[in-house]
Q: 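Have a look at the structure that comes next, please.
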Amino acid sequence: MYRNIRCKTALNRIKSNYLPYRWDLNIYRGCAHRCRYCYALYSHQYIEGGDFFNEIYIKENIVECLEKKLRSPYWKHETVNLGGVTDSYQPVEKEKMIMPEILRLLIRYRTPASISTKSTLIMRDHDLLEKLAETAGLHLSFSITTTDEELRKKIEPASAPAGERFYALRSFRKTKAVTGVLLMPILPYLTDTAANLRDIFQQAQKAEVNYIIPGLLNLRQPTRGHFLHFVKNVFPEKYPAYINYYSGHMDKKAYREKLYTCIARLKKDYPLTPKKNSFPSHPRQMELF
């Protein structure tokens, strides 16, 4: 179900010491990618009976609001993060085509952007993204959690296959865009195997991305209940371990040290080549465990 809504402002101010940008823009509320671990379920809590995955809200006046902000003499041309809560390139974007208008505004007003997605629909806007990278600056990343297609279909049923995401990343190698892989969330006992992590690092190196940011699954309400229910029904053999880990009954130190050691080894085995001014630049932004 799609519903049009009107927004008062296009950009939301972010107050965080961990993120390399201070402004966030979300065209939609809700997301049809149906990722079982989605942290953004909270954004529908205020809507009575709201279904985050099936009830998508379209901010019909967001282009108008954005231009009003960008043309202000007080705008400092700071980096805008697109899709921090919901994916800007989820299925409805194929019909609505709001992103091209957003990108043209960013180009016109020379405003750099950071975009993360799980969708290869972004390839539709390749020319605009390349131009934005040249005129203002662009950081483009794909969230990739597993290269196992059968597992991907269970945990991210409406997302693009990992192979297609790496292909899209490779297409930006000769542009000025800074590209990366968000290896997050790493799902304990599901996507945390050495083989899966190594495959992602290997494919990232082949795609010549500039950075990888790993991050462990962080379960908060209502995501906690939603994800644990999913694990109980789809991976019942893993459920006791999840309850033990996320209920505070388990000493996580040994688990994390093992994972950190694996990640550190992979960084040495598959070195990447950061582009100038690529973020994250702060050490604390490199690993979100």
Side-chain angles (χ1 to χ4, degrees), residues 1 28-57 83-87 90-91 116-119 142-165 181-200 213-263 287-289:
M1 180 185 298
Y28 307 106
R29 294 189 71 90
C31 184
H33 281 164
R34 308 187 67 82
C35 300
R36 305 306 186 188
Y37 52 75
C38 183
Y39 73 93
L41 297 182
Y42 72 88
S43 65
H44 261 41
Q45 282 185 308
Y46 76 98
I47 303 173
E48 185 176 351
D51 185 334
F52 183 85
F53 299 118
N54 294 307
E55 200 168 337
I56 311 300
Y57 291 80
V85 179
T86 58
D87 200 319
Q90 60 177 291
S116 59
T117 184
K118 287 186 173 74
S119 173
F142 271 79
S143 173
I144 301 175
T145 58
T146 181
T147 55
D148 181 333
E149 268 303 286
E150 292 306 310
L151 180 57
R152 195 272 307 170
K153 290 175 183 177
K154 293 176 181 178
I155 62 176
E156 303 168 359
S159 66
E164 294 182 11
R165 299 183 217 181
V181 169
L182 303 181
L183 205 177
M184 59 175 70
I186 297 173
L187 306 179
Y189 319 116
L190 289 174
T191 67
D192 60 349
T193 66
N196 179 60
L197 298 176
R198 179 170 293 276
D199 200 18
I200 291 175
I213 308 179
L216 261 173
L217 176 68
N218 186 2
L219 288 182
R220 296 179 180 176
Q221 293 291 358
T223 302
R224 180 187 180 89
H226 177 80
F227 184 76
L228 290 179
H229 178 75
F230 161 74
V231 171
K232 185 176 183 179
N233 285 278
V234 181
F235 300 101
E237 73 283 3
K238 308 289 186 183
Y239 184 69
Y242 266 92
I243 291 297
N244 192 33
Y245 187 95
Y246 286 99
S247 296
H249 299 145
M250 171 184 171
D251 183 358
K252 301 180 179 66
K253 184 178 180 180
Y255 174 88
R256 292 183 177 183
E257 284 184 350
K258 182 180 179 180
L259 183 61
Y260 295 163
T261 300
C262 180
I263 294 291
E287 295 182 352
L288 305 181
F289 289 106

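Reckoned from all heavy atoms, side chains included, excluding hydrogens, waters and symmetry mates.
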Q: Are Pro91 and His33 side-chain neighbours, meaning at least one heavy-atom pair lies under 4.5 Å?
A: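 SC-SC contact between Pro91 and His33 confirmed.
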
Q: Shortest non-hydrogen contact from Leu217 to Tyr246?
A: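 That would be O-OH, 2.8 Å.
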
Q: Nearest heavy-atom pair of Pro161 and Arg152: which atoms, and what distance?
A: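 Scanning both residues completely, I find the closest heavy atoms to be CG-NH2, 3.7 Å.
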
Q: In the structure I gave you, are the side-chain heavy atoms of His229 and Asn233 within less than 4.5 Å of one another anywhere?
A: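 Contact flag for His229/Asn233 side chains = yes.
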
Q: Quick one: does Asn196's side chain have a donor or acceptor within less than 3.5 Å of a partner on Asp192's backbone?
A: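 Side chain of Asn196 to backbone of Asp192, a donor-acceptor pair under 3.5 Å: no, none is there.
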
Q: Stepwise, does the side-chain contact (heavy atoms from CB on, under 4.5 Å) test hold for Glu150 with Lys154?
A: CA-CA 7 Å; Glu150 292 306 310; Lys154 293 176 181 178; 5.6 Å; no

Q: Under a 3.5 Å distance rule, please check whether Glu149 uses its side chain to pair with a backbone N or O of Gly163 as donor and acceptor.
A: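 Looks like no, no N/O pair under 3.5 Å.
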
Q: Find the distance between OG1 (Thr117) and CD (Gln90) and round it off to the nearest 0.5 Å.
A: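 With rounding to 0.5 Å, OG1 (Thr117) is 9.5 Å from CD (Gln90).
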
Q: For the pair Val231 and Tyr189, evaluate side-chain contact (heavy atoms from CB on, under 4.5 Å) and give the outcome as yes or no after the intermediate values.
A: CA-CA 11 Å; Val231 171; Tyr189 319 116; over 6 Å; no

Q: When rounded to the nearest 0.5 angstrom, what distance separates CG in Asp251 from OH in Tyr245?
A: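 Interatomic distance, Asp251 CG to Tyr245 OH, rounded to 0.5 Å: 10.0 Å.
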
Q: How close do Val181 and Ile200 get, heavy atom to heavy atom, and via which atoms?
A: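 Scanning both residues, the minimum pair turns out to be CG1-CG2, 4.2 Å.
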
Q: For Thr191 and Ile155, what are the C-alpha separation, side-chain angles and deciding distance, and is it a side-chain contact (heavy atoms from CB on, under 4.5 Å)?
A: CA-CA 10 Å; Thr191 67; Ile155 62 176; 4.1 Å; yes

Q: Where do Tyr255 and Leu216 land on the side-chain contact (heavy atoms from CB on, under 4.5 Å) test, with the steps shown first?
A: CA-CA 11 Å; Tyr255 174 88; Leu216 261 173; 4.1 Å; yes

Q: If you measure from CG on Leu41 to CD on Gln221, what distance do you get to the nearest 0.5 Å?
A: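 One gets 10.0 Å once the value is rounded to the nearest 0.5 Å.
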
Q: Answer yes or no: does atom NZ of Lys232 have more than 12 heavy-atom neighbours from other residues, nucleotides or ligands under 6.0 Å?
A: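 Incorrect, the count does not exceed 12.
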
Q: I'd like to know if the side chain of Asp87 and the backbone of Cys31 have a donor-acceptor N/O pair within less than 3.5 Å.
A: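 No.
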
Q: Write down the atom of Arg224, the atom of Ser247, and the distance for their closest heavy-atom approach.
A: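 Result for this residue pair: NH2-OG, 3.6 Å.
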
Q: Could you tell me the separation between the CG atom of Leu151 and the OG1 atom of Thr145, rounded to the nearest 0.5 Å?
A: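 Answer rounded to 0.5 Å: 7.0 Å.
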
Q: Does Phe235 form a ring pair (Phe, Tyr, Trp, His ring centres under 6.0 Å) with Tyr242? I'd like the steps, not just the answer.
A: CA-CA 10 Å; Phe235 300 101; Tyr242 266 92; 8.8 Å; no

Q: Closer than 3.5 angstrom, by distance alone: can the side chain of Thr223 be matched with the main-chain N or O of Cys38 as a donor-acceptor pair?
A: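 Judged by distance alone, yes, a pair lies under 3.5 Å.
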
Q: Under the side chain to side chain donor-acceptor pair (under 3.5 Å) rule, collect the residues that match up with Arg36, sequence neighbours excluded.
A: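 For Arg36 there are no side chain to side chain donor-acceptor pair (under 3.5 Å) partners, ignoring immediate neighbours.
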
Q: Of all heavy-atom pairs between Ser119 and Phe142, which one has the smallest distance, and what is that distance?
A: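 Heavy atoms only, the tightest pair is O-CE2, 3.6 Å.
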
Q: Does anything in residues 156-165 pair up under salt bridge (Lys or Arg N to Asp or Glu O under 4.0 Å), and if so which pairs, sequence neighbours excluded?
A: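 Qualifying pairs: Glu156-Arg165.
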
Q: Distance check, rounded to the nearest 0.5 Å: Arg29 atom CZ versus Ile56 atom CD1?
A: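 The CD1 atom of Ile56 is 11.0 Å from CZ of Arg29, to the nearest 0.5 Å.
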
Q: For a 4.5 angstrom cut-off between non-hydrogen side-chain atoms, does Leu259 reach Leu197?
A: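 Of all side-chain heavy-atom pairs linking Leu197 with Leu259, at least one is under 4.5 Å.
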
